[in-house]
2 protein chains.
Amino acid sequence: MTHQAYRDHTDILAASPGTEDKSGEAVRPCPQNPAISCSGCRLSDLCLPISLNKGEIRQLDDIIERSRPMRKGEHLYRQKDNFRSIFAIRTGSFKSYVLGPDGQSRVTGFYMPGEIMGMDGIADRHHSVSTVALEHASVCEIPFSQLEKLGQQLTNLQSRFIAIMGNEIVKDQHIHTLLSSYSAEQRLSSFLLSLSARYARCQLSPDRFILHMTRSDIGEYLGLTLETVSRIFSAMQKKGLINVRNREIDILDMARLKAIVGES
Amino acid sequence: MTHQAYRDHTDILAASPGTEDKSGEAVRPCPQNPAISCSGCRLSDLCLPISLNKGEIRQLDDIIERSRPMRKGEHLYRQKDNFRSIFAIRTGSFKSYVLGPDGQSRVTGFYMPGEIMGMDGIADRHHSVSTVALEHASVCEIPFSQLEKLGQQLTNLQSRFIAIMGNEIVKDQHIHTLLSSYSAEQRLSSFLLSLSARYARCQLSPDRFILHMTRSDIGEYLGLTLETVSRIFSAMQKKGLINVRNREIDILDMARLKAIVGES
DNA sequence: CGCTCTGTTGAAGGACTTCAAAACACGTGG
DNA sequence: CCACGTGTTTTGAAGTCCTTCAACAGAGCG
């Protein structure tokens, strides 16, 4: 394994990136360093604090509750829960999903460090989806009532938050067109490119990463069956576009991948 | 034609609902009554003013520009346009769409009276979709910078606007699950039920209405071909669920329609 | 009245699903 | 450390739902 350095991306985000361990869980130092703050967070230029000055960030810091690290499979909140807070991911990744009337789940999104979860509960004060950690993870909890209050004082914060919601709407529209008109191969190409770009945003390798979700999760998200996901991955590998080894993805030909979805 | 009274729903929204005309366009009085205001608008309990008191509504009124009526096919704004305002629909309906790299369009949404358009431009200050009138229509234009400013003064307005955005996100998630897991018949049932509920909100008949969009529009929106839309409509009619006569829809069995999409 | 856009319907084909079986990975406990 | 069991992934074969292609009918508008 020549690429051990990238084995677990969260290593890079953790407090002591030098420590490596094979299990990926036991030895790693707790990412919940009590000294963390928005101004010290390496994600601050992707997250809510963008465009805030130091004083403003300090005020935002004051209302943020940095909760305990979460284990894989642990829920952040569930469908129907009362809405109290939105959450910014510090480390790890999450999926959101809903349960259909027949009891089977439908994945509605994947979330990575620096991204905001919980906005599904703003409208009617109850969450409309459930959110679960796909790996060890940690989040910043931002009580919404306090965010609203602070937003009234800090114009920049208010605008920033509204922009984040606006961006969510644009992303949802993009997913809408993807689901309504893309082939299975286009959907998966687009999915991989999205992950790649988001890993790059976190200063992680854009062409070699781990899928923390199952094939079934991906299928539910993209409107495909898990078998189709698997088959398309295999076909892409055969074409020399990617290398798939279990959950490990190597993007070999980014340009051709982009061509598949129609991005020049 | 026993149902002439419902022939054109916009009649009911117009200033003088008593006037009837066969063309649906020539005789109707101009909906752009200069006397209109949020407080006088019959849609005020669906639109941005919800939960505002009279003084607050007056302030909102002051920043709203009531633009001229629009003709069918006229664009409100286009993809890539600078973002200046959001728009509340007074009368008529719109569709939003994007043009793919190959030049063919993908419908991303339909909008009805009381609903807000233009939030696709908030994030990066340029619109990500185009919006076009599906029939004669009129809108209230709300310059975004002024809305932001006013929102800083009026807490209720700020919350209301954020709630509208949150609601948009929830609706997009619902569409996501629809596109990723529903059959063609379920998609169309869900679509008709959505239109029905929204017409009811406008005090219009929930079980007899006009589709102002083409089969192709519906298909692009739901991820189906226009032929499939047509076929499923025919099949639903054969089953006694609906009556379709060109663009006129009668919902005959609401309960069974809901059962198709899994709503008890 | 005739043109064009829209909608319907049929027949054939294809992309993805479904069902099924086996291989593989991973965590647990011996 | 290995054996085992569960959950995940791969791959195949058959089937299905929807699409594509095509022709025609109807509606709307000059």
Side-chain angles (χ1 to χ4, degrees), chain A residues 1 7-8 21-26 71-73 95 102 104-105 107 134-136 178-189 210-238 242-249 260, chain B residues 1 7-8 22-26 71-73 95 102 104-105 107 132 134-136 178-189 210-238 242-249 260:
Chain A
M1 254 182 262
R7 187 68 194 283
D8 186 344
D21 63 291
K22 287 208 193 276
S23 77
E25 311 209 341
R71 267 200 276 266
K72 176 177 172 176
K95 75 169 178 186
D102 50 352
Q104 63 181 329
S105 85
V107 173
L134 293 172
E135 55 181 319
H136 280 226
L178 179 146
L179 291 173
S180 67
S181 66
Y182 283 19
S183 69
E185 191 185 34
Q186 288 177 312
R187 292 178 201 197
L188 277 159
S189 301
I210 302 288
L211 302 173
H212 293 286
M213 66 293 285
T214 66
R215 302 286 191 266
S216 177
D217 287 336
I218 298 171
E220 286 177 26
Y221 179 66
L222 295 177
L224 303 168
T225 60
L226 67 94
E227 292 95 329
T228 300
V229 174
S230 176
R231 268 186 260 268
I232 302 281
F233 274 165
S234 298
M236 285 176 151
Q237 181 162 36
K238 207 162 286 173
I242 59 174
N243 241 321
V244 196
R245 262 200 3 187
N246 200 17
R247 299 227 179 148
E248 198 176 312
I249 297 284
I260 288 177
Chain B
M1 251 184 261
R7 186 68 195 281
D8 186 344
K22 289 209 195 273
S23 78
E25 312 209 336
R71 268 200 274 265
K72 177 177 172 176
K95 75 170 179 186
D102 50 353
Q104 65 182 329
S105 85
V107 173
V132 64
L134 293 172
E135 55 181 320
H136 280 225
L178 179 145
L179 290 173
S180 67
S181 65
Y182 284 18
S183 68
E185 191 186 33
Q186 288 177 311
R187 292 179 200 195
L188 276 160
S189 301
I210 302 289
L211 301 173
H212 293 286
M213 66 292 284
T214 66
R215 303 287 191 265
S216 177
D217 287 336
I218 298 171
E220 285 177 27
Y221 179 67
L222 296 176
L224 303 168
T225 59
L226 67 94
E227 292 95 330
T228 300
V229 173
S230 177
R231 268 186 260 270
I232 302 279
F233 275 164
S234 299
M236 285 176 152
Q237 180 162 35
K238 207 160 287 173
I242 61 174
N243 240 322
V244 197
R245 264 206 354 194
N246 201 17
R247 299 228 179 146
E248 197 177 316
I249 296 282
I260 288 177

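Not measured: the values here are computed from a predicted model. In what follows, every chain begins at residue 1, and chains take the letters A, B, ... in the order their sequences are listed.
Rounded to an integer number of Å, the gap from CG of B:Asp217 to C1' of C:dT6 is 11 Å. Protein atom CZ of B:Arg187 is 13 Å distant from nucleotide atom C1' of D:dT19, rounded to whole Å. Spacing between atom CD of B:Glu135 and atom P of D:dC29 amounts to 13 Å, rounded to whole angstrom units. Distance A:Glu248 CD to C:dC26 P: 10 Å, rounded to the nearest Å. Between the CD1 atom of B:Ile210 and the C1' atom of C:dT6 there is a distance of 15 Å, rounded to whole Å. For the pair B:Gln186 CD and D:dC18 P, the interatomic distance rounds to 9 Å; values are reported in whole Å. Between A:Met236 atom CE and D:dT10 atom P there is a gap of 13 Å when expressed in whole angstrom units. Taking atom CD1 on B:Ile249 and atom P on C:dG7, their separation rounds to 11 Å, with Å as the unit.
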Would you write the dot-bracket representation of DNA chain C, where each base gets (, ), [, ], | or . depending on whether it forms a Watson-Crick or G-U pair under 3.5 Å and with which partner?
||||||||||||||||||||||||||||||
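Side-chain contact between A:Val244 and A:Ile249 is present, with heavy atoms from C-beta onward closer than 4.5 Å. B:Leu178 is listed as a side-chain neighbour of B:Leu222, based on a closest heavy-atom distance under 4.5 Å. Contact of the B:Glu248 side chain with the B:Asn246 side chain is not registered, since no non-hydrogen atoms from C-beta on lie closer than 4.5 Å.
By the side-chain hydrogen bond (donor to acceptor under 3.5 Å, both in side chains) test, B:Ser105 pairs with B:Glu220, sequence neighbours left out.
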Determine, stepwise, if the pair B:Leu134 / B:Lys72 fulfils side chain to side chain contact (heavy atoms under 4.5 Å, CB included).
CA-CA 5 Å; B:Leu134 293 172; B:Lys72 177 177 172 176; 6.0 Å; no
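Checking side-chain atoms of B:Ser234 against main-chain N and O of B:Ser230 turns up a donor-acceptor pair under 3.5 Å. In this structure, the side chain of B:Arg187 engages the main chain of B:Leu179 through a donor-acceptor pair within 3.5 Å. Between the side chain of B:Gln186 and the main chain of B:Ser183, a donor-acceptor pair closer than 3.5 Å is present.
Residue A:Ser234 places at least one side-chain N or O closer than 4.0 Å to OP1 or OP2 of D:dT11. Dashed line: the shortest gap from a side-chain N or O of A:Asn246 to OP1 or OP2 of C:dC26 is under 4.0 Å. At D:dA27, none of the side-chain N or O atoms of B:Arg247 fall inside 4.0 Å of OP1 or OP2 (strictly under the cut-off).
Using a 4.0 Å cutoff on non-hydrogen atoms, the parts of residues 218-231 of chain B near DNA chain D are B:Gly223, B:Leu224, B:Thr225, B:Glu227, B:Thr228, B:Arg231, ordered by number.
Dense packing is recorded around CZ of A:Arg247, with more than 12 heavy atoms of other residues, nucleotides or ligands lying under 6.0 Å away.
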